[in-house]
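Only one structure is covered here, and it is reproduced in the block below.
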Amino acid sequence: MSNKRGIFALSPLMVFMVIYLVGSLLAGDFYKIPLTVAFMAASVYAVAISGGMPLKKRIEHYSKGSGGPNLMLMLWIFVMAGAFAHSAKQMGSIDATVNLTLSLLPSNMILPGLFVAACFISLSIGTSVGTIVALTPIATGLAASTGASIPLLTAVVVGGAFFGDNLSFISDTTIVATTTQHCRLSDKFRVNLYITLPAAFIILIVYLVMGTAIQSPKEVPAVEFVKVIPYLVVLVAAAFGMNVMAVLTLGILLTGCIGFVGGSYDIWGWLSSMGDGIKGMGELIIITMMAGGLLEMIRVNGGIDFMIEKITSRVASKRGAELSIAALVSLVNACTANNTVAILTVGDISKKIGDRFGLDSRKCASILDTFSCCIQGLLPYGAQVLMAAGLANVNPIRIIPFLYYPMTLGVIATLAILLRYPKRYS
């Protein structure tokens, strides 16, 4: 089979976009066409066009993408997150945590407070997924109590989660970006600060202004502090770098113990609530697996190689070289829905581009990490947005328009390339 199908190799992603986005726009409702159906149609098309090998082999490639080690780990996190979120909700943890937040924060500080919390946690633990798991249920509870938009508050958490994913010293993306570009973590961190801090500051001001429209309830119910313990323990454990699976297991056990003692439910009620939470993640798991298979077929057919070849063929200046690195990692990220994999895929060629045009390796590492996080934070089929949507029980497309931080980060990062900023690293 030829591995150079050109732009035709990318057509499955276009088929998905046409079926879902165009179809939903024509229908005037993003709930008319289920994401599962759009991915199923695009997946069938991807397998069908992959000529040059037996059908069995094509299905094997698709299945490999649907069940890769990184993807399966994400699915287990989905399962555990569903069990924890629903058992905590049934036990009363979310309501208690929301009441505590409302009693501590004035109404105009809910949006910036939630954003700062997400930034701090993600910076501490180095993972956007762990932050989203910990804070999304609280965000949806706050939305219900204040009458604010659930997609908006969910997007606040997702945006803050990518702040830390982009900056943290223990983030996968940071480690891979600095390793492939042969620079130190601390140096890449300094370059990133010039780009991320202005974006975060702008969004913080936006949330302060938007927060004036949010009205907290005049009377906040008394806080049942014991029911806040599961979330406090989860947040503290995550902040100290505990594995996300271990954090969720600890949270589930705490909801059971506190629920038994407080009479919120018995052993059967606890097991039932966990089961309901896991079932609620079913569609999210199916979408993630089909997206993984679809994107693997694009890779097998040479779609990613085609993009790399086309983008790098016209580079002629330092500015163009930096833009090509940004475009490469962005497009590959869109085709893999995994920012770490995207950096790994284009890291070596980005290093070669940097060496050829005399680019600062620290700036190259920053570009790789920043643009991959920006694109990952805006993908409706990316694990983070899907996770947040599943926990908030909303369509992922409804979250996208409110993802102000990834959008702002992308604009500032692009301006940093065009304006050769910061000068010291350009």
Side-chain angles (χ1 to χ4, degrees), residues 5-50 58 62 65-66 78 136 140 143 148-156 158-159 210 280-299 301 303-304 306-307 310 327 330-338 374-408 410-411 414:
R5 295 173 176 272
I7 198 167
F8 187 59
L10 299 171
S11 60
L13 201 57
M14 301 173 194
V15 168
F16 166 74
M17 294 295 184
V18 169
I19 292 174
Y20 187 72
L21 294 180
V22 177
S24 297
L25 288 171
L26 290 174
D29 185 354
F30 278 102
Y31 286 95
K32 286 287 185 184
I33 303 176
L35 271 171
T36 47
V37 174
F39 270 115
M40 182 186 70
S43 297
V44 171
Y45 170 79
V47 172
I49 67 165
S50 301
R58 300 182 220 173
Y62 183 87
S66 298
F78 288 173
T136 299
T140 55
S149 164
I150 291 178
L152 169 61
L153 265 68
T154 304
V156 171
V158 175
M210 292 178 67
M281 288 288 176
E283 184 180 27
L284 171 61
I285 290 171
I286 292 170
I287 289 170
T288 304
M289 292 183 72
M290 287 198 291
L294 175 69
L295 299 171
E296 175 65 12
M297 296 308 295
I298 290 174
R299 187 196 66 79
N301 285 321
I304 293 175
F306 169 77
M307 286 191 304
K310 288 297 180 184
S330 298
L331 288 171
V332 173
N333 203 122
C335 289
T336 59
N338 186 308
C374 171
I375 296 301
Q376 184 70 17
L378 293 171
L379 291 178
Y381 51 89
Q384 290 84 351
V385 174
L386 285 174
M387 168 68 83
L391 291 171
N393 196 28
V394 296
N395 189 306
I397 296 295
R398 292 187 62 198
I399 300 174
I400 302 300
F402 298 105
L403 289 167
Y404 303 139
Y405 177 73
M407 294 177 189
T408 305
V411 171
T414 302

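What you see is a predicted model; the values in this text were computed from it and never measured. Heavy atoms only: backbone and side chains are in, while hydrogens, waters and symmetry mates are out.
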Heavy-atom pair of closest approach, residues A143 and L153:
N-CD2, 3.7 Å
According to side-chain contact (heavy atoms from CB on, under 4.5 Å), who are the partners of A392, at least two apart in sequence or on a separate chain?
T136, T140, I150, T154, V394
Which atom names give the shortest non-hydrogen contact between V22 and V18, and what distance separates them?
CB-O, 3.1 Å
Determine whether a donor-acceptor pair (N or O, by modelled atom type, separation under 3.5 Å) exists between the side chain of N301 and the backbone of G303.
no
Straight-line distance of L35 CG to I286 CD1, nearest 0.5 Å
12.0 Å
Say whether, by atom type as modelled, one donor and one acceptor occur between the side chain of R58 and the main chain of V47 under 3.5 angstrom.
yes
Q376 and its side-chain contact (heavy atoms from CB on, under 4.5 Å) partner, picked from T336, N333, V385
N333
Closest non-hydrogen atoms of G377 and P406, given as atom of the first, atom of the second and distance, are O-CG, 4.2 Å
I need the minimum non-hydrogen distance between I375 and A334, along with the two atoms involved.
CG2-N, 4.1 Å
Using 0.5 Å steps for rounding, measure from the CE atom of M281 to the CZ atom of F78.
7.5 Å
Show your working on side-chain contact (heavy atoms from CB on, under 4.5 Å) between L379 and Q384 and close with a plain yes or no.
CA-CA 9 Å; L379 291 178; Q384 290 84 351; over 6 Å; no
Rounded distance (nearest 0.5 Å) linking atom CG of L295 with atom CG of L13
6.5 Å
What is the minimum heavy-atom distance between A41 and I19, and which atoms define it?
CB-CD1, 3.5 Å
Sub-4.5 Å side-chain heavy-atom contact between F306 and I298
no
Spacing of T408 atom OG1 and L403 atom CG [to the nearest 0.5 Å]
10.5 Å
Mind checking the CE-CZ spacing from M40 to F16? Nearest 0.5 Å is all I need.
13.0 Å
Between CE on residue M290 and OG on residue S43, distance to nearest 0.5 Å
6.0 Å
Taking the side chain as every heavy atom from C-beta outward, state whether Y62 and M289 have any atom pair closer than 4.5 Å.
no
Which pairs, with at least one residue in residues 282-291 and sequence neighbours excluded, count as a side-chain hydrogen bond (donor to acceptor under 3.5 Å, both in side chains)?
none
Excluding sequence neighbours, so at least two apart, what forms side-chain hydrogen bond (donor to acceptor under 3.5 Å, both in side chains) with S11?
Y45
P396 backbone acceptor or donor facing Y381 side chain under 3.5 Å
no
Can you see which heavy atom on P12 is nearest to which on L294, and at what distance?
CB-CD1, 3.5 Å
Are the side chains of Y20 and I397 in contact, using a 4.5 Å heavy-atom criterion?
yes
Under a 4.5 Å cut-off applied to non-hydrogen side-chain atoms, are V158 and M387 in contact?
no
Do R398 and N395 touch side chain to side chain, with heavy atoms closer than 4.5 Å?
yes
